[in-house]
> 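My questions all concern the structure below.
Note that the structure is predicted; figures quoted are calculated from it, not measured. Throughout, residue positions are numbered sequentially from 1 according to the sequence presented.
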Amino acid sequence: MHISSALFFSVLLSAPALAATVVYTDSQHPPVNLPPDTQVVWLDGPDRLQTQFFGALPADPMQAEAQVRAVLQSPDWQAHQQQIAEVYRGIVHARELGVAKFPAVVFDDTEVVYGTADVARATTLKAQGDQP
């Protein structure tokens, strides 16, 4: 069976990167000591994006609806939608991995160190076999 190179390439791009370090955290626990290729998944990202895109919504439901409609009809909405989808992909991946609490540093989608967003500390704890 022959798989086209374009299809094969697109599958590789959509697959999670191997040998990656990912920090799952929120704005209350900012990551530190990040190596260059470390990914950060902000678990409070959807709320932060909603506030960024829509602002503080008025208490009056009619005014709030009008404000939301204006954002949804703006030319920038498609880019905003893509940002929201990207943030949720990271959160869904954390759930698929079984990340039970945060902050957490995940190595290669297999090893998890809970209780820290410090990658250097998590690396040391992982090497020692300890968990905070």
> Are any non-hydrogen side-chain atoms of Val87 and Trp42 less than 4.5 angstrom apart?
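The answer is no; the side chains never approach within 4.5 Å.
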> Tell me every residue that passes ring-ring contact (aromatic ring centres under 6.0 Å, His included) with Phe107, counting only those two or more places apart in sequence or in another chain.
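Once residues adjacent in sequence are excluded, Phe107 has no partner under the ring-ring contact (aromatic ring centres under 6.0 Å, His included) criterion.
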> Step by step, would you call Val105 with Val22 a side chain to side chain contact (heavy atoms under 4.5 Å, CB included)?
CA-CA 6 Å; Val105 179; Val22 181; over 6 Å; no
> What pairs with Arg95 under side-chain hydrogen bond (donor to acceptor under 3.5 Å, both in side chains), at least two apart in sequence or on another chain?
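If we apply the side-chain hydrogen bond (donor to acceptor under 3.5 Å, both in side chains) test to Arg95, skipping adjacent residues, there are no hits.
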> Mind checking side-chain hydrogen bond (donor to acceptor under 3.5 Å, both in side chains) for Gln67 and listing every partner two or more places apart, or none if nothing turns up?
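Expected list: none.
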> Between side-chain atoms of residues 29-36 and protein atoms elsewhere (two or more places apart, or another chain), which donor-acceptor pairs fall under 3.5 Å?
unit_1: His29; atom_1: ND1; unit_2: Asp26; atom_2: OD1; d: 2.7
unit_1: Asn33; atom_1: ND2; unit_2: Asp118; atom_2: OD1; d: 2.8
unit_1: Asn33; atom_1: ND2; unit_2: Asp118; atom_2: OD2; d: 3.1

> Which heavy-atom pair separates Val99 from Ala104 by the least distance, and what is that distance?
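It is CG1-CB, 4.0 Å.
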> List, one per line, each side-chain donor-acceptor pair under 3.5 Å for residues 43-61, sequence neighbours excluded.
unit_1: Asp44; atom_1: OD1; unit_2: Ser27; atom_2: N; d: 3.4
unit_1: Asp44; atom_1: OD1; unit_2: Arg48; atom_2: NH1; d: 3.4
unit_1: Asp44; atom_1: OD2; unit_2: Ser27; atom_2: N; d: 3.0
unit_1: Asp44; atom_1: OD2; unit_2: Ser27; atom_2: OG; d: 2.6
unit_1: Thr51; atom_1: OG1; unit_2: Asp47; atom_2: O; d: 3.1
unit_1: Asp60; atom_1: OD1; unit_2: Met62; atom_2: N; d: 2.9

> Only counting residues at least two apart or in another chain, list the ones meeting side chain to side chain contact (heavy atoms under 4.5 Å, CB included) with Asp76.
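With neighbours one apart ignored, the set is Ser74, His80.
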> So how far is it from Tyr24 OH to Ile91 CD1, rounded to the nearest 0.5 Å?
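Result: 10.0 Å between the selected atoms.
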> Once you round to the nearest 0.5 Å, how far does CD of Gln28 lie from CZ of Phe102?
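Atom-to-atom, Gln28:CD and Phe102:CZ are 9.0 Å apart.
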> Check whether Val92 and Leu97 end up in the same hydrophobic cluster, where Ile, Leu, Val, Met, Phe, Trp and Tyr are linked by side-chain heavy atoms less than 4.5 Å apart.
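No.
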> Could you pull out all residues at least two apart from Glu86 that satisfy side-chain hydrogen bond (donor to acceptor under 3.5 Å, both in side chains)?
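Counting only residues at least two positions away or on another chain, Glu86 forms a side-chain hydrogen bond (donor to acceptor under 3.5 Å, both in side chains) with Arg89.
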